[in-house]
Amino acid sequence: MSETILTVENINVFYGSSQALFGASLSVPAGETLALLGRNGAGKSTTMKAIAGVIPTRDGKVSLMGKNITGVPAFKIARSGIGYVPEDRQIFPTLSVQDNLIIAHKLGPNGEDLWPIERVYDMLPLLAPLKDRMGGQLSGGEQQMLTVGRSLMGNPSVLLLDEPSEGLAPIMVEKIGTLIETLKSLGNTIVLAEQNLHFCLGLADRAVVIDKGVDVFHGTIAELNADDDVKQRYLSV
């Protein structure tokens with residue numbers, strides 16, 4: 001059995017006085033892809049932001065490779081090995097594709113440099129011809145590819161992908177799916193937050209379903225796909 005690389009234990013998260021997560025938990029073994037599924041507003045993005053340190057956790061614990069990263073500043077969590085691809089992409093619109101990538105370069109937590117820019121361009125061939133184009137001039141799909149490439153430039157141990165297929169044309173959704181499949185085949189550990197179960201079926205090993213800030217299902221992606229009750233109650237499938 002693979003070593004568990006990321007663990008989230010009973011975290012509570014608030015936005016002001018409003019509680020968004022209620023004891024949410026998940027764990028991800030090294031090299032696996034975990035789908036974090038739920039309807040819009042269920043708490044998926046909040047969970048991702050809490051792992052990345054973008055928002056604080058009130059209670060509970062987040063561990064990366066056995067090290068407690070709860071309450072650690074986001075930039076230190078990134079240096080520890082968390083690569084976060086946010087739902088709203090957050091590229092630099094006035095910088096070129098090349099500069100968006102270069103500015104994100106850092107060594108991995110053990111000094112590794114597995115993702116030099118040449119390899120990122122090889123992984124994302126769509127970006128290579130656009131390297132001199134400003135980020136703000138890219139299509140939504142191209143920007144999504146750029147955010148993934150930017151995260152890879154940081155040599156992450158775990159890649160958090162928040163709604164990577166949302167709002168994209170079907171051809172770009174297919175390309176994103178192929179990219180995730182390739183990253184998984186290379187041994188990358190991925191947490192994939194999605195509303196779309198069908199998108200995750202061929203990509204994820206296991207799934208956690210979240211509803212109203214509570215994790216309501218843990219199991220394999222095949223077990224989830226066979227559970228019509230959970231799908232109808234929490235995923236509108």
Side-chain angles (χ1 to χ4, degrees), residues 1-64 68-71 77 82 84-88 158-167 173 176-177 180-181 184 189-237:
M1 186 175 179
S2 299
E3 175 191 4
T4 298
I5 193 168
L6 175 67
T7 306
V8 177
E9 301 175 80
N10 301 310
I11 60 170
N12 296 315
V13 173
F14 290 74
Y15 291 103
S17 60
S18 178
Q19 188 166 0
L21 294 181
F22 300 81
S25 299
L26 60 83
S27 63
V28 193
E32 287 199 2
T33 296
L34 175 76
L36 180 63
L37 290 154
R39 296 189 182 98
N40 188 37
K44 303 184 303 296
S45 292
T46 299
T47 303
M48 301 291 251
K49 290 175 182 177
I51 295 170
V54 176
I55 55 175
T57 57
R58 179 80 59 90
D59 305 288
K61 182 179 179 182
V62 180
S63 302
L64 178 65
N68 186 357
I69 58 171
T70 316
I77 290 177
I82 294 290
Y84 174 47
V85 178
E87 181 182 13
D88 54 358
V158 179
L159 192 60
L160 308 179
L161 302 175
D162 193 0
E163 302 273 14
S165 72
E166 186 179 31
V173 172
I176 291 290
I180 295 169
E181 190 173 22
K184 178 183 174 182
T189 306
I190 300 169
V191 181
L192 174 63
E194 268 288 343
Q195 295 184 53
N196 186 349
L197 171 61
H198 297 295
F199 177 75
C200 298
L201 285 178
L203 300 173
D205 301 290
R206 293 183 306 110
V208 172
V209 177
I210 189 168
D211 182 66
K212 299 177 182 177
V214 179
D215 49 293
V216 295
F217 174 91
H218 291 250
T220 67
I221 197 77
E223 288 169 343
L224 173 60
N225 195 39
D227 194 327
D228 291 335
D229 180 57
V230 170
K231 290 193 296 183
Q232 290 171 6
R233 289 176 66 188
Y234 303 116
L235 300 176
S236 302
V237 176

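These numbers come from a predicted model, not from an experiment. Computation of the quantities below employed the complete heavy-atom set of this structure, encompassing side-chain atoms and omitting hydrogens, waters and symmetry-equivalent molecules.
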>> Any non-hydrogen side-chain atom of I55 less than 4.5 Å from a side-chain atom of Y15?
In response: yes

>> Less than 4.5 Å apart, side chain to side chain, heavy atoms only: is that true for I51 and L160?
In response: yes

>> If I compare all heavy atoms of I11 with all of K61, which pair ends up nearest, and what's the gap?
In response: CG2-N, 3.7 Å

>> Evaluate T57 against V13 for side-chain contact (heavy atoms from CB on, under 4.5 Å), listing each step before the verdict.
In response: CA-CA 5 Å; T57 57; V13 173; 3.9 Å; yes

> How many angstroms lie between CG in L192 and CG in L34, if you round to the nearest 0.5 Å?
Replying inline: 8.5 Å

>> For a side-chain contact (heavy atoms from CB on, under 4.5 Å) check, start with the C-alpha distance between F22 and K212, then their side-chain angles and the critical distance, and finish with the verdict.
In response: CA-CA 8 Å; F22 300 81; K212 299 177 182 177; 5.9 Å; no

> Going from CE on M48 to CD1 on I82, what distance comes out if it is rounded to the nearest 0.5 angstrom?
Replying inline: 9.5 Å

>> With rounding to the nearest 0.5 angstrom, report the CD1 to CD1 distance, I69 to I77.
In response: 4.5 Å

> Does a side-chain N-to-carboxylate-O contact under 4.0 Å join K184 and D205?
Replying inline: yes

> Heavy-atom distance under 4.5 Å between the side chains of L6 and T189, does that happen here?
Replying inline: no

>> Counting C-beta onward and ignoring hydrogens, is there a side-chain heavy-atom pair between E163 and N196 closer than 4.5 Å?
In response: no

> In Å, rounded to the nearest 0.5 Å, how long is the span from CG of D227 to OH of Y234?
Replying inline: 9.5 Å

> Yes or no on side-chain contact (heavy atoms from CB on, under 4.5 Å) for L197 and I221, after CA distance, side-chain angles and deciding distance?
Replying inline: CA-CA 9 Å; L197 171 61; I221 197 77; 4.0 Å; yes

>> For a side-chain contact (heavy atoms from CB on, under 4.5 Å) check, start with the C-alpha distance between F217 and D211, then their side-chain angles and the critical distance, and finish with the verdict.
In response: CA-CA 9 Å; F217 174 91; D211 182 66; over 6 Å; no

> Any side-chain heavy atom of S27 sitting closer than 4.5 Å to one from H218?
Replying inline: no

> Closest heavy-atom contact between I210 and K44?
Replying inline: CG2-CG, 3.7 Å

> What heavy-atom pair brings Y84 and P86 nearest, and what distance separates the two atoms?
Replying inline: O-CD, 3.4 Å

> Which of these, V173, V85, I176, sits in a side-chain contact (heavy atoms from CB on, under 4.5 Å) with P164?
Replying inline: I176

> Which heavy atom of E32 sits nearest a heavy atom of R206, and at what distance?
Replying inline: OE1-NE, 3.1 Å

> Is the count of non-hydrogen atoms from other residues, nucleotides or ligands lying under 6.0 Å from Q19 atom CD greater than 12?
Replying inline: yes

>> Restricting to non-hydrogen atoms, name the atom on D215 and the atom on S25 that form the minimum distance, rounded to 0.1 Å.
In response: OD1-N, 3.3 Å

> Can you name the nearest heavy-atom pair linking V62 to T70, along with the distance?
Replying inline: N-OG1, 2.7 Å

>> As an exercise, state the distance from CD of E181 to CD1 of I190, rounded to the nearest 0.5 Å.
In response: 10.5 Å

>> I need the D88 CG to S45 OG distance, nearest 0.5 Å.
In response: 8.5 Å

